[in-house]
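Side chains included, hydrogens not; waters and symmetry mates left out as well; all remaining heavy atoms used. We count ligands from 1, going down the list as the structure has it; atoms in each ligand are counted the same way.
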Amino acid sequence: MPAGTTRTERDLIGLGIIVAAIILFVATGSAALTRLARHLLFGEAAVDTLLINALLLNVALIIFGWRRYVDLTREIAARRMAEMAALQLADTDSLTGLLNRRSLGAILPRLIATAAENRGCLAAILIDLDRFKRANDSHGHQVGDAVLIECARRVREMLPKDAALARLGGDEYAALVPFARGVDAIAQAEHIAARIGTAIAMPVECGEHTISVTASIGIACNPAYAGAPFGDAADTLMRHADVAMYQAKKAGRNRHCWFNPSMEAAMLARSALEQAIRHGVKSGEFRPHYEKQIDLATGAIAGLEMLARWHSPERGLIGPDVFVPIAEEIGVMPELSEALIRQALIDARDWAPHLTLAINISPVQLRDPWFAQRLLKLLIEARMPPNRIDIEITEACLTENLPMVRSLVTSLRNQGVRISLDDFGHSASSLAHLRALPFDRIKIDRNFITSLGKSHDSAAVVKAIGSLGRGMALPITAEGIETPEILAELRKLGAFMGQGHIYGLPMNADDLRRDLAERDLLAQPPLAQTCEDQDRHRA
Ligand code: C2E
Ligand code: CA
Ligand code: CA
């Protein structure tokens, strides 16, 4: 077969050979058969052997040509099937057999156009499983896959026949549901989304495991949502469903939410804030401020708690309640905290050596198995004795991977770092948390202290925590002391270390330095100076 011949050409050539052979057969065959008949009937000369051979060759050619034609046809059919299978594979999600993101994207504009032509409506329903990663991690990928397949099946069951369903990747599905003109699309889509949510929330039996997952569902309708048109582009529809899904997550998961335009504004503001935080971390806009920790028995400053502040050139001074949760979510908290600690260790060189430095650590930092090593390295670099450092962790740190947190805390304690349990009393399981790790100090949740004098309950809780501390030989800090009345009340309830606005607001490094200088609480000679001298000596 000549190079470059296409399959159809080859197909035709095979067919051509047969046709030519048949024509030859008819031509030679008719002459040979006539002669053979005459020879037999009238005794004329025998048939020429050459003609017989030509005839046989012709028959062989026809058989050969026919077989070749059949083989080629079979080969072509097999190839066509393989091509179709490959095409289907590229269009479907191999795990669930649903459409994939690419193929959904390909049909979406057509569905929108059809809905517009028919003056109907197309609803996009975006379904994201809640905390699926946790189920996947704890039961293994096989179980995770089975859950994804079962969820796909349940969602499909809840959708009308003409709806398209895709797995967009991971644990995210998208359904496109067309509604005819005159149908109450909003009510119907709402009903479908609710049924999908309920179906997914039913436990999934998987071997010996029973897995329970829920879903957050976002819905958007195009071209009309609640009577207000908002464009008909495919990506707009999907983005709106995505925004609504995000809102469902934010509102507590396991629910469905309709898109509304104000959500998008909030999302844009949030994403601008995320961008600004990332940029701020890179350009050193986050600075440590310090709050005094007072020994209530003597009134002396015992240490300083480092509290992060964001000096944003555009937004002004921002507190950690705003940026810490976002920094945790977008994964920059470890980098942010490390930069703050590095700076705090430099600031602390100027302070009298008996003053301790308390550092708040976020739960996300304790997911890093090298956290203890990283912190100890910073202390070594700054020549800061570990026994001047007090790590404050909240009860939230104890709710995941406790064995690893325990091992990190043990490494730090072995080096002399102290560990405090911050915001104690905040959760119902505080007492259990107290036994989870060998803490060196408890800090009573600020709300109990600020409400002292106003609430009998708070006084009772503070008193109980006071006696608990005495019983366990655990020192206790009361933070949030705002007024002399609270301080007087506190003194009645036990022996505490104290913090709060009564001793001044948290201050930046320069203000603190001046404050400490007035109290004769700076290092003599300044430790920073000593370190520089040592460096020069070594050089
Ligand atoms: P926290 O560790 O419980 O810190 C004490 C908070 O109470 C601080 O708020 C402080 O300014 C405030 N406060 C102090 N005295 C009083 C008072 O008398 N009355 C009232 N109403 N409040 C008082 P801030 O600085 O806004 O910090 C909030 C939380 O942010 C902190 O709570 C801590 O959990 C977290 N945080 C701060 N800095 C960092 C950090 O560098 N890393 C991490 N992971 N978290 C941080
Ligand atoms: Ca704290
Ligand atoms: Ca606290």
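- N360 contributes OD1 and E305 contributes OE2; the angle these two atoms make at the Ca ion (ligand 2) is 90°, rounded to 10°.
- The nearest protein atom to atom 24 (P) of ligand 1, hydrogens excluded, is given as P320 CG, 3.6 Å; this is a heavy-atom distance.
- For the pair Q365 and ligand 1, the shortest N or O to N or O distance does not fall below 3.5 Å.
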| query | Passes side chain to side chain contact (heavy atoms under 4.5 Å, CB included), C397 versus T394? Steps please. | reply | CA-CA 6 Å; C397 296; T394 56; 4.1 Å; yes
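- Remark: distances from the non-hydrogen atoms of Q499 to ligand 1 are all 4.0 Å or more.
- Under the 4.0 angstrom criterion for non-hydrogen atoms, E305 is in contact with ligand 1.
- In this structure, the side chain of R388 engages the main chain of P353 through a donor-acceptor pair within 3.5 Å.
- The nearest protein atom to atom 28 (C) of ligand 1, hydrogens excluded, is given as D321 OD1, 3.4 Å; this is a heavy-atom distance.
- Nearest N/O/S atom of D422 with respect to the Ca ion (ligand 3) is recorded as OD1.
- For E392, the N/O/S atom at the shortest distance from the Ca ion (ligand 2) is named OE1.
- A salt bridge links E150 and R154; the closest N-O separation between the charged side-chain nitrogens and carboxylate oxygens is under 4.0 Å.
- For H289, the closest heavy-atom approach to ligand 1 does not fall below 4.0 Å.
- With a cut-off of 3.0 Å, the Ca ion (ligand 3) has no N, O or S atom of D445 in range.
- The shortest distance between side-chain heavy atoms of L304 and E291 does not fall below 4.5 Å.
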| query | Would D510 and N508 count as a side-chain hydrogen bond (donor to acceptor under 3.5 Å, both in side chains) if you check the C-alpha gap in whole Å, the side-chain angles of each, and the deciding distance to 0.1 Å? | reply | CA-CA 6 Å; D510 291 341; N508 66 33; 5.7 Å; no
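- Looking at ligand 1, you'll find an N or O of D422 within less than 3.5 Å of one of its N or O atoms.
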| Does the pair T477 and R441 meet the rule for a side-chain hydrogen bond (donor to acceptor under 3.5 Å, both in side chains), with working shown? | CA-CA 7 Å; T477 297; R441 173 175 293 277; 2.8 Å; yes
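- A heavy-atom separation below 4.0 Å is found between G480 and ligand 1.
- Considering backbone and side-chain N/O of T450, none are found under 3.5 Å from N/O of ligand 1.
- Taking any N or O of A308, backbone or side chain, at least one lies under 3.5 Å from an N or O belonging to ligand 1.
- Salt-bridge formation is not detected for the pair R315/E285: no Lys NZ or Arg NE/NH1/NH2 atom is positioned less than 4.0 Å from an Asp or Glu carboxylate oxygen.
- Under the 4.0 angstrom criterion for non-hydrogen atoms, S337 is not in contact with ligand 1.
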| message | Does D130 form a side-chain hydrogen bond (donor to acceptor under 3.5 Å, both in side chains) with S216? I'd like the steps, not just the answer. | response | CA-CA 6 Å; D130 299 325; S216 299; 2.6 Å; yes
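- Within the structure, the closest approach of M333 to ligand 1 falls below 4.0 Å when heavy atoms are considered.
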